[in-house]
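Input: a single structure, listed below in structure tokens.
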Amino acid sequence: PGPVQALKRWGHDGHVPTAASNLSEARLALGDVSGALAAAREGVDFADRTEDTFWRMVSRATHADVLHQAGIGKKVGQPVAFLREEAQVS
């Protein structure tokens, strides 16, 4: 299991959004776009289950960045939609 799954298993739920964000950025830097997208999405999903507005916003920003870097956001406008959604949540 990866670091995010290990944190969940060990009960360190508060660190999962941080780990997912860091893992996503590292995978993106290494050229692993699909891994970066998966980690970013996991970060958003987990952050949404918390009441931590900061990590909800950071997770969405990280996901939007990965989408943009992958060229996906240019096609469907997803990064902007994630950030608009978070502005309404805050």
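What you see is a predicted model, and the numbers here were worked out from it, not measured in a lab.
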Completion exercise
Separation between CG (Asp48) and CZ (Arg60), nearest 0.5 Å, reads 4.0 Å

Exercise for the section: Ignoring hydrogens and angles, state whether a donor on the side chain of Thr62 or Ser21 is under 3.5 Å from an acceptor on the partner side chain. Expected result: yes

Problem - Any donor-acceptor N/O pair, Ser59 side chain to Arg56 backbone, under 3.5 Å - result: no

Handout entry: Heavy-atom pair with the smallest gap, counting every atom of Ala20 and Gly43
Key = CB-CA, 3.5 Å

Problem - Nearest heavy atoms of Val33 and Val66, plus distance in Å - result: O-CG1, 4.5 Å

Exercise for the section: Run the salt-bridge test on Asp45 and Arg41 with the 4.0 Å N-O cut-off and return the result as yes or no. Expected result: yes

